[in-house]
Amino acid sequence: MRRFLRPGHDPVRERLKRDLFQFNKTVEHGFPHQPSALGYSPFLHLMAIGTRSGAIKLYGAPGVEFMGLHEENNTVMQIHFIPGQCQLVTLLDDNSLHLWSLKQRSGASELLEEQRFTLRGPPGSPPSATQITVVLPHSSREVLYLGTESGSIFVVELPSFRVLEDRTITSEAVLQRVPEEYRNRRSFELIEALQEHPRNPDQILIGYSRGLIALWDLHNNRVSHHFLGNQQLENLFWQKDGRQIISCHYDGSYAQWPVSNENRQPEPLESKVPYGPFPCKAISKIYWQTTKNGLPYIIFQGGMPRASYGDRHSISVIHGSQQTAFDFTSRVIDFFVICNADATAEYDDPSAMVVLAEEELVVIDLKSAGWPAVHPPYLASLHCSAITCSHHVSNIPLKLWERVISAGSKQNSHYSNMAWPIDGGTNLAPDPPQRDLLLTGHEDGTVRFWDASGVCLRLLYKLSTVRVFLTDADPNDNMNALGEDEWPPLRKVGSFDPYSDDPRLGIQKIYLCKYSGYLTVAGTAGQVLVMELNDEESEHVVNHSEADLLQDQEGYKWKGHERLKARDEPVRFEPGFQPFVLIQCQPPAVVTSLALHSEWKLVAFGTSHGFGLFDHQQKRLVFVKCTLHPSDQLALEGPLSRVKSLKKSLRQSFRRMRRSRVSSRKRRAGGGNTTEVQEANSRFDQVALQEMELAPIQRKIEARSAEDSFTGFVRTLYFADTFLRDSTRHCPSLWAGTNGGTVYAFCLRVPPAERRMDELVRAEQAKEIQLMHRAPIVGILVLDGRGTPLPEPLEVAHDLSKSPDMQGSHQLLVVSEEQFKVFTLPKVSSKLKLKLTALEGCRVRKVTVANFGSCKTNEYSENDLAILTNLGDVQIISLPFLKLQIRYPCIRKEDVSGIASCVFTKYGQGFYLISPSEFERFSLSTKWLVEPRCVVDTSEVAGNNYLHNKSGMEKTTRKFRDSARSSGEPGEDERKSARLMEHALLNDEKVLKEIQSTLEGGRGSYGERNSRRIHVGHGLSNGGAE
Amino acid sequence: MNRSFNKSQTLRYFDCSAVEVKSKFGAEFRRFSLDRYKPGKFEDFYKLILHIHHISSMEVMIGYADVHGDLLPINNDDNFLKAVSSANPLLRVFIQRQDEVDYSNFGTNTLTRKKKALVTLRNDKIRRRPHINISMPHDFRPVSSIIDVDILPETHRRVRLYRHGCEKPLGFYIRDGTSMRITPHGLDKVPGIFISRMVPGGLAESTGLLAVNDEVLEVNGIEVAGKTLDQVTDMMIANSHNLIITVKPANQRNNYIRSSRMSGSSGQSTDSTASHHSLPSSHVLQNFHPDEMESDDEADIVIEGGLDQQHVPRSHSLPSGSLSRINGSSLSHRLQRDLVLSSDSGRESNGNIHKILSSLKTDPRHSLVIPRGGIEEDGTVITL
């Protein structure tokens, strides 16, 4: 009955487990999915973004982030900061108001919901009477003015949300003083805008949707001025001195109105249709910012000529003779202008414009000539092109880090060098413990390198593989091309570009060797590129070879896509990673696994048909192995496209369903006709959904057979120097695992370095293991004599890891979706196993070896397997005894894309996509925890707002640069281990010199030595992450 | 040499309806053929065998090697017909003297070690008694059994399905549903997993122990309560080589009545009056021994390839192509070779053949045969 004994309840181990493991979701990286509202506090220098799912996120200086979630999960319609407070009010689409506060607890600020409130009218009144359209937080910080659809303005007290009924401003009261004939034309108008006088808190400006603008005197409770607009009103802006107001209208016009005590019913000073004379779209928001030189900045959203540019999402900036219409690739949600925050300053002096588009955040520097964009330190659009895979590399040596940054900075030269203008709050988080890179592969054939060390995920460098191939894509990706004589003066901004020119370019697997700078990426059409890092620009021909994975298989027809055409002529590559070898698999099926051994200079790749090994030093294909089962017609014909299209159509139909549901919930749906159609659609979908639910869901119980499809699909590849043939001599080996539970092991003969170019690399099949349960193999790993996973290539050569124990007997760990099995080597006999699926009914989706350090002592650390199952649970399994340590629910099991996108780091952290544009970061370790810790201090801000901000800005930017450059001040423990390491190294001067030259490029500094701490993590599949 | 012989066999098999029979008695071979579709009666076949081998005065037992390499008896028309029709392509017949027959070699080699001991005990008795010409229970490979009758509540049934050595698909579907439970608060609806469909001709249906709408309570000793349909599916498939499911049959009329003095009940039966209204501790599977499971289940196949090229015929060094095909040919190749070897070395005991046969593992999906548990125990691996 040993099988059913409960896993050990050893109290010592239990205590140790508490010191080692702990699950936390720490921070969301990237751009919020479906943003719906934007708010900004000029006082706190904080920006808030609300989403359709009810989340609000606050951002300040890099590292200053807060997140809150409304329980209702309703769309956030508006966000307003309370002037001079650490508070904000949100309006949801269910007409509820929520008050959030930033409260300090144990030194750090937290975002908490304090109050909620729904405005209720008198019994019997229509719902529109209390449907809130505008919220104005008064500068007195005591009340909120709520404009409604009925035209009444309700006043509620803060923070209690008590309605002050006697102060309600009804439309009747306003209309009293409006001329008779005007009143008749326009009754029952909703409030479109509310603005407080910039200098006089007793006056508020009320804009009604039909064009009437009234200036209400709060002191006397009456209208002091009114302005009779005759166009449907969209928004209002009050100039800084309070002498003029600007209104913008549905017909694409804006008007300036003087506010004077002489003329209380003025005509507009100027009314203009900036993109006329043909009919234009509405201008939905306008800013009129004054400057010292007298020329104002007029900034407005929309207003494009309806017929020819009506589909553009634009914001125009006019300053004297300069005029640019910034053209966004996705819908503009909202925008604001950052100007001189000092209320007593004479001019606005705008410095930057911040635009929240549906898919990205764009900040324009208005101070510098040409109005360049500012590179945001956070809120990166991860999904500029859809993410197809990701790969994480921990603890990057400083040398490589700097070279990547330098390659990236050349690409970013078009960005403004303005300091990040949203700089509220103070980042208290300790500097990240190490430099980490997250590499994302995209559908358009690019690989993006992100600084994943800290809270801010920042783009360092972008690599494109497109240039290697001949595509029909026009090379016109210069987003900043400025058509000189074009009207309107459109200029494309932002990087969101979801349209892939050729889906075959998509990146599927990535593997980066951090020691050598070799990078290999593989894509959808069977292409494998090997690259090296070059600091100089280069023009060369990429060596091109073909790997026929079907060899002697006959009589098949590949019905999938064609392979990509490679360029034969020399190609110019910018500084950075430059491809020098291209291998194309035949048939050009998607590459499903990839491994690189930078020391042996070998790259292995696998598809659904087989796998191959390529010597990138001699540029020669060593061997290919077909893994295909002859009955697997689907794989032969190139089925992936078919499977994918089914998945796609399913996804689309679900999307349609969701969309119709969302739209029917929308507050102000467009024309009646479309609403009806949508409702009919959603009814239909619901019926379909019910029918789907009624049909009994059945599952077939059948053993897997060798005839199943895709058994030959190569899931994992792994290089190891181990005892494959006999127990006395170890040799390089390549291991491959398939979807059908087969493991192939090849003995490799790699010539010694001095004869590396003269002799051929040879491979011989040594073993083939068929797992009886036939589950797909997701990981292969060799454990050395001490039960420790073999180090990565070059890790030992750089003295960053203990050399593996080659004395004791090695063990082979094979991880299938269902089981973990340890075999002896060289004679493969089963030693130990953990049958996960048979016991729990879950399957392994991702697996990595991770190193866990104890939070109590620096001496103890251990290697364990971190796995993610198809139920979205994260589990930790001990090595080498395969005992389940701990299990945490992490991702919803329905979130298939989240589970598929998960990538573990080597120190027990992980990332997964919570939306196409956001990575959730989680940590399993007690020791490594990257999470925002920041403080927003009102008293400090209030004391000397302007001065503080200036110094704060300097401080944070300096800090930010520091953290980007090195890991900064090392902690006590790090110092200690660094000293230890130093001591060990000093014994061998030669080794020391070598390390310094390779790692630091001859310049020793403190930071790098930190990076030499425990380096024991290992990727299980030694190849790319999925 | 052997290989070319093998090939011609295969060709002939496709050409005509004749079944090549290779009959062995001691170290002597006889070859003849039978019509695949009209093999005739067992009686005639028996006479033919005696005649061909010139042993007409002897009482013999006839056996044959089936597709899985198991030695099965031929003693009536039905199994004779089966033997001929399943010959693929060669029908190998083994003749033993009636008084030398070692029954323990018959039947499946998936039988457990424990049972073996039991069988030998019984054999002593059988040996003394005159042989009756009906098939013994151990002449058959078990495909299913009801287990743990003595510890389960009467309303429950624990069924073991043996996938090994059976070509039939498991053949059933499961679905979500609700079941009524008696709780302290009265009747309560709880989600449950039910058998929704049986595949006609599948293992599940042919056993007659499972039926549509039976509620699945446990899979290999693990309760399914709280698990999703997909989880239970994965558990069942992961255990498909040796699936033990505890069900609450929808039809409760065929339940085993414990108080009756049925001879089939296990001697260790516990007191049935003990209240078994709920399942006993879910991790108790009395007649299911972990060791047994360990050995039954995964004997992963390891092929050492390309190490000793000089000993390995070219065609067997695993070129690209079907694994099962390679294994299949290697099986027949090896079988052939071993048989030839044993015949070359003169008359040996019949045990030799059985040793070969039983040393070959049965699995229809691979037909590569290796000793059961052999990898763990003595490291015997097949070198091609």
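None of these values were measured; they are calculated from a predicted model. What you see below is based on every heavy atom in this structure, not just the backbone, and it leaves out hydrogens, waters and symmetry mates. Chain letters run A, B, ... following the sequence lines, proteins first, then strands; residues in each count from 1.
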Distance check, rounded to the nearest 0.5 Å: [X] atom [atom1] versus [Y] atom [atom2]?
X: A:L839; Y: B:M235; atom1: CG; atom2: CE; answer: 7.5 Å
X: B:I303; Y: A:E768; atom1: CD1; atom2: CD; answer: 4.5 Å
X: A:L871; Y: B:K227; atom1: CG; atom2: NZ; answer: 9.5 Å
X: B:S240; Y: A:R774; atom1: OG; atom2: CZ; answer: 10.5 Å

Handout entry: A:L836 versus chain B, the contacting section by heavy-atom distance below 4.5 Å
Key = neither
Handout entry: Stepwise side chain to side chain contact (heavy atoms under 4.5 Å, CB included) check, A:K893 with B:T228
Key = CA-CA 11 Å; A:K893 66 170 181 285; B:T228 64; 3.7 Å; yes
Please examine the side chains of [Y] and [X], heavy atoms only from C-beta on, and report whether any two atoms are closer than 4.5 Å.
X: B:I174; Y: A:I701; answer: yes
X: B:D234; Y: A:E818; answer: no
X: A:R699; Y: B:D230; answer: yes

Practice task
Answer yes or no: is there a donor N or O on one side and an acceptor on the other, between the side chain of A:E702 and the main chain of B:G171, under 3.5 Å?
Solution key: yes
Exercise for the section: Check B:Y173, B:F194, B:F172 against A:Q698 for a side-chain contact (heavy atoms from CB on, under 4.5 Å) and give me the one that passes. Expected result: B:Y173
Problem - Lys/Arg-Asp/Glu bridge criterion (N-O < 4.0 Å) met for B:D300, A:K821 - result: yes
Handout entry: Residues which pass salt bridge (Lys or Arg N to Asp or Glu O under 4.0 Å) with A:R762, listed by chain and number, not counting sequence neighbours
Key = none
Problem - Partner set under salt bridge (Lys or Arg N to Asp or Glu O under 4.0 Å) for A:R887, not counting sequence neighbours - result: A:E840
Completion exercise
Scanning both residues in full, the closest heavy-atom pair of A:A838 with B:I222 reads O-CD1, 3.7 Å
